[in-house]
K.L.:
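If you scroll down you'll find the structure; I have some questions about it.
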Number of protein chains: 2
Amino acid sequence: MTTIKDIAKTAGVSVTTVSRALNGYSDVNEATRKKIVETARQLNYTPNTIARSLVMKKSKTIGLLVSGFIRESLKDNFMLNVLAGVNDFASGTDYDIVLFNTNSSKQREKTYHQLCRERQVDGVVIQGIKTDDPYLEEIIDGDIPCVLVDIPKMGPKTGYVSTDNVIGAYEAGKHLLGLGHTKIAMINGHDQAFVSQERLDGFQKALNEAGLSLLQVENGGFSEEGGRASLLNIMSQHPDVTAIFCASDLMAIGALSALKELGKSAPEDLSIVGYDDILLAKYVTPALTTVSQDTHGLGYEAAKMLIGMLEGKQPGKTIVKHELMIRDSSQQCL
Amino acid sequence: MTTIKDIAKTAGVSVTTVSRALNGYSDVNEATRKKIVETARQLNYTPNTIARSLVMKKSKTIGLLVSGFIRESLKDNFMLNVLAGVNDFASGTDYDIVLFNTNSSKQREKTYHQLCRERQVDGVVIQGIKTDDPYLEEIIDGDIPCVLVDIPKMGPKTGYVSTDNVIGAYEAGKHLLGLGHTKIAMINGHDQAFVSQERLDGFQKALNEAGLSLLQVENGGFSEEGGRASLLNIMSQHPDVTAIFCASDLMAIGALSALKELGKSAPEDLSIVGYDDILLAKYVTPALTTVSQDTHGLGYEAAKMLIGMLEGKQPGKTIVKHELMIRDSSQQCL
DNA sequence: GACTAAATCCGAAACGTTTCGGATGCTGAT
DNA sequence: ATCAGCATCCGAAACGTTTCGGATTTAGTC
């Protein structure tokens, strides 16, 4: 491993000069710079970023919290999509991404704050943590630049990027209402998710404006199985329901399969609309009416904001677009 | 930021002792260790891994090359799945993962070797690079611990993990043969992919054993659109074809949609079998017969081997299982 | 009481870089 | 001849750790 010292020695200058030459400072003669660059090339020199990080107190890396990064998440692709988005933006900069795991047992008691400090990341994007996570406050109030995805909270050093779940759900509600539905239930995620609260709010708002209210709300925990169970539950308690809004496509798909088991089918017997527009949504039969969100964009914008902050900008909030995708799982109420 | 020095000062010992105490060395009195640990806690100390890395010459991070990590890859989930697998294994260790981008323009001329050196990763898992990548040899012959996924090459410090594509394709061939097909074509990926070569070999082997040979082989570049185009091409040149083997599900899905455009349908008019068993495969209609490979396992095993190597083990090769999933897109030849 | 061995501690160097605060030499003006 | 100003260079400290080689104390043995 050749270092800056080696270059200095063989080029006959000091390490200071080598450093300054390689970093493009002005107070080094063009001739000596040439020589230095050349010997660096000959010695096959690559800078040691670790040493640089140590003295600069900047690591040029951003952390990505992937707490619940378990196999389950592979089906809906949420985390992976935002990861891809983060990566896509970061690849245009000189920042690298390091993945943080918090699910390992020994690290469990470490706070995010400690994790970040320890790995010396310059900033961090956080996703998928619960509203009641004890460490959330700590990071928001902390001094580590941070951007939250789908968690609408701000702090001195933390901004967030999200979609407008309230309006998205509102539009889903309007859609169902427009089709003439009045007996409507909802399968929500769980109470510790910000998006669940928002989607419930937005959907209810639409119903309320029409003088209606939800027949029933079940929590399906965002899982396919939870969607199945919730649908069964709803159908038994309210057999007259004609439409169900699901807070995630995965749950909607579960609901769809449960419906099939009951010998009924969508959209004839029941209109179903989902949320997320995951990859499967348009391939499943019937193709799912759902509100699409730009998950890749979430990650991309998160990285953009974070790196912006590292370059001196203030944290903010950015809302990425969503869109109601009307497909085959919802139809006019008979 | 409190350092080891601060602890030393307030605990009234030397930095050496603090270091040794915190790292569990034996030659420090239990009483002073207690004191040190306690003051460390009080001062909210977290070790600076960068400084540690600098002196230890180990960064406790592994790199993951995600060269073609573009949106396209989001649909088939290959890279993301292996990423998830790598992460899953790594989360049980004290290694972190850093994502390497090579698609950024300025980094383009840097070799993988330089990238690894620069970021000081202890090892790297590489996926998705072409057979003719000029830097592949460099990394294989190099001294950086490395494991390749789906690239069957070994070196002094490089092992690989893969599936048995030859047998997988062979089984696909046997399946089609068993259904009575004799007019068979193949849509392959591209010539610079190891898996393409292997899948072609395996499939041809099956046909040859039956005294048959391929009607036609098209390259679809692993994309949905490429699959469409290839199918159209094959159907026009060999209208009598009854079965097509695609080297990826994405291409198979493209082929399926092209078939539909022609007013034909699978499996009645044409049996189609894919490869990969991506998430969509079982949801698409008709559900795709395909050979499933454990992509998550690929990543998991890659991480396992790499970290094993970092702990002193020798590089090896590990083959993860595959399985022919017979679904609805293939049927008896009429 | 002297010597050995063990237990416990510490000073200082090292890792590879950046950067502050000069030092040196040269040019041209006075 | 002196000096200001500039261009070019460099020494040394600093970043926060780990670790080598030894120093000091204590306990045990004869």
Side-chain angles (χ1 to χ4, degrees), chain A residues 1-40 43-61 94 96 114-122, chain B residues 1-40 43-61 94 96 114-122:
Chain A
M1 207 59 289
T2 100
T3 77
I4 219 179
K5 269 184 202 163
D6 303 324
I7 300 178
K9 201 168 297 173
T10 82
V13 293
S14 75
V15 295
T16 304
T17 306
V18 175
S19 175
R20 299 181 73 80
L22 259 23
N23 288 310
Y25 280 68
S26 63
D27 68 343
V28 30
N29 187 293
E30 202 48 42
T32 67
R33 183 197 304 275
K34 275 274 188 301
K35 185 168 59 175
I36 288 170
V37 169
E38 175 58 18
T39 69
L43 297 179
N44 196 22
Y45 169 76
T46 57
N48 183 327
T49 35
I50 296 221
R52 190 200 309 247
S53 297
L54 183 58
V55 41
M56 308 271 282
K57 291 166 169 297
K58 295 248 167 82
S59 63
K60 287 285 181 184
T61 56
D94 56 349
D96 278 338
Q114 280 175 311
L115 267 183
C116 297
R117 276 279 204 268
E118 205 161 309
R119 275 304 181 177
Q120 305 293 127
V121 293
D122 293 340
Chain B
M1 207 58 289
T2 99
T3 76
I4 218 178
K5 270 184 201 162
D6 302 323
I7 300 177
K9 201 169 296 173
T10 81
V13 293
S14 76
V15 295
T16 304
T17 306
V18 175
S19 175
R20 300 181 72 80
L22 260 24
N23 288 310
Y25 279 68
S26 63
D27 69 344
V28 30
N29 187 293
E30 202 48 42
T32 65
R33 184 197 303 276
K34 276 273 189 301
K35 185 167 61 177
I36 289 171
V37 169
E38 174 58 16
T39 67
L43 297 179
N44 196 22
Y45 169 76
T46 58
N48 183 327
T49 34
I50 296 219
R52 189 197 309 239
S53 298
L54 183 58
V55 39
M56 308 269 283
K57 292 166 169 294
K58 295 247 166 85
S59 63
K60 286 287 179 182
T61 56
D94 56 348
D96 279 337
Q114 279 175 312
L115 267 183
C116 297
R117 276 278 204 269
E118 204 161 308
R119 276 306 182 177
Q120 304 294 127
V121 294
D122 293 340

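Chain letters run A, B, ... following the sequence lines, proteins first, then strands; residues in each count from 1. Keep in mind it's a predicted model, so treat the numbers as computed, not measured.
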K.L.:
Nearest to the B/Ser14 side chain among C/dC15, D/dC15, C/dC10, which nucleotide is it?
P.N.:
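For the B/Ser14 side chain, the nearest candidate turns out to be C/dC10.
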
K.L.:
Under 4.0 angstrom, heavy atoms only, what part of the nucleic acid is A/Asn48 near: base, sugar-phosphate, or nothing?
P.N.:
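Sugar-phosphate only.
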
K.L.:
To the nearest Å, how far apart are A/Ile50 CD1 and C/dC15 C1'?
P.N.:
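A/Ile50 atom CD1 is separated from C/dC15 atom C1' by 10 Å.
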
K.L.:
Has A/Thr17 got a side-chain N or O lying under 4.0 Å from the OP1 or OP2 atom of D/dC10?
P.N.:
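Result: yes.
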
K.L.:
Would you mind telling me which of A/Val13, A/Val18, A/Val37 makes a side-chain contact (heavy atoms from CB on, under 4.5 Å) with A/Ile7?
P.N.:
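Result for side-chain contact (heavy atoms from CB on, under 4.5 Å) with A/Ile7: A/Val18.
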
K.L.:
With distance as the sole criterion, do the side chain of A/Asp27 and the base of D/dC9 form a donor-acceptor contact below 3.5 Å?
P.N.:
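Such a pair exists between side chain and base.
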
K.L.:
Between A/Arg33 and A/Tyr25 (side chain of the first, backbone of the second, donor and acceptor by atom type, cut-off under 3.5 Å), is there such a pair?
P.N.:
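Side chain of A/Arg33 to backbone of A/Tyr25, a donor-acceptor pair under 3.5 Å: yes, one is there.
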
K.L.:
Output the rounded distance in Å from CG (B/Leu54) to C1' (D/dT19).
P.N.:
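Rounding to the nearest Å, CG of B/Leu54 and C1' of D/dT19 are 14 Å apart.
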
K.L.:
What's A/Thr3 touching, base or sugar-phosphate or nothing? Going by heavy atoms closer than 4.0 Å.
P.N.:
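The residue A/Thr3 makes sugar-phosphate contact but no base contact.
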
K.L.:
Is a side-chain donor or acceptor of B/Asn29 paired with a backbone partner of B/Ala31 at a separation under 3.5 angstrom?
P.N.:
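Judged by distance alone, yes, a pair lies under 3.5 Å.
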
K.L.:
Taking for each residue the nucleotide of DNA chain D with the nearest heavy atom, is it A/Val15 or A/Arg33 whose nucleotide lies nearer the 5' end?
P.N.:
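Taking each residue's closest nucleotide, the earlier one in sequence belongs to A/Arg33.
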
K.L.:
To the nearest 0.5 angstrom, please state how far the CD atom of A/Glu118 sits from the CG atom of B/Asp96.
P.N.:
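The distance works out to 9.0 Å.
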
K.L.:
Closest to the B/Tyr45 side chain: D/dT17, C/dT18, D/dC9?
P.N.:
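In terms of side-chain proximity for B/Tyr45, the closest of D/dT17, C/dT18, D/dC9 is D/dT17.
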
K.L.:
Rounding to an integer number of Å, can you tell me how far B/Lys60 NZ sits from D/dT17 P?
P.N.:
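Distance, rounded to whole Å: 17 Å.
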
K.L.:
What does B/Val55 touch in the nucleic acid at a heavy-atom separation under 4.0 angstrom: a base, only the sugar-phosphate, or nothing?
P.N.:
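Base contact.
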
K.L.:
Round to the nearest Å and state the distance from B/Met56 atom CE to D/dG16 atom P.
P.N.:
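After rounding, the reported distance stands at 18 Å.
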
K.L.:
Report which part of the nucleic acid B/Thr32 touches: base, sugar-phosphate, or nothing (heavy-atom distance under 4.0 Å, all strands).
P.N.:
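The answer is sugar-phosphate, as B/Thr32 gets under 4.0 Å only of primed atoms, P, OP1 or OP2.
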
K.L.:
From the options C/dC10, D/dT17, C/dT18, select the nucleotide whose nearest atom is closest to the side chain of B/Thr16.
P.N.:
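From the listed options, C/dC10 comes nearest.
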
K.L.:
Whole angstroms only, please: what is the NZ-C1' distance between B/Lys9 and C/dG11?
P.N.:
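For the pair B/Lys9 NZ and C/dG11 C1', the rounded distance is 16 Å.
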
K.L.:
So does A/Lys57 get a side-chain nitrogen or oxygen closer than 4.0 Å to the phosphate oxygens (OP1/OP2) of D/dG16?
P.N.:
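Affirmative; the distance criterion is met.
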
K.L.:
Over how many whole Å does the gap from A/Ile4 atom CD1 to C/dC15 atom P extend?
P.N.:
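That distance rounds to 14 Å.
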
K.L.:
What pair of heavy atoms forms the shortest contact from A/Asp94 to B/Arg119, and how long is it?
P.N.:
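The answer is O-NH2, 3.5 Å.
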
K.L.:
Taking atom P of D/dG16 as reference, at what distance in whole Å does atom CZ of A/Arg119 sit?
P.N.:
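Atom CZ in A/Arg119 sits about 18 Å away from atom P in D/dG16.
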
K.L.:
Could you state the CG-P distance from A/Asn29 to D/dA7, rounded to the nearest angstrom?
P.N.:
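Going from A/Asn29 (CG) to D/dA7 (P), I get 11 Å.
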
K.L.:
Working to the nearest 0.5 angstrom, can you tell me the gap between A/Ile36 CD1 and A/Thr10 OG1?
P.N.:
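Here the interatomic distance stands at 9.5 Å.
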
K.L.:
Can you find a side chain N or O atom of A/Tyr25 that sits less than 4.0 Å from OP1 or OP2 on C/dT19?
P.N.:
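Yes, A/Tyr25 has a side-chain N/O under 4.0 Å of OP1/OP2 on C/dT19.
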
K.L.:
Name the residue closer to the 5' end of DNA chain C, choosing between B/Ala51 and B/Arg20 according to the nucleotide with the nearest heavy atom.
P.N.:
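This one resolves to B/Arg20.
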
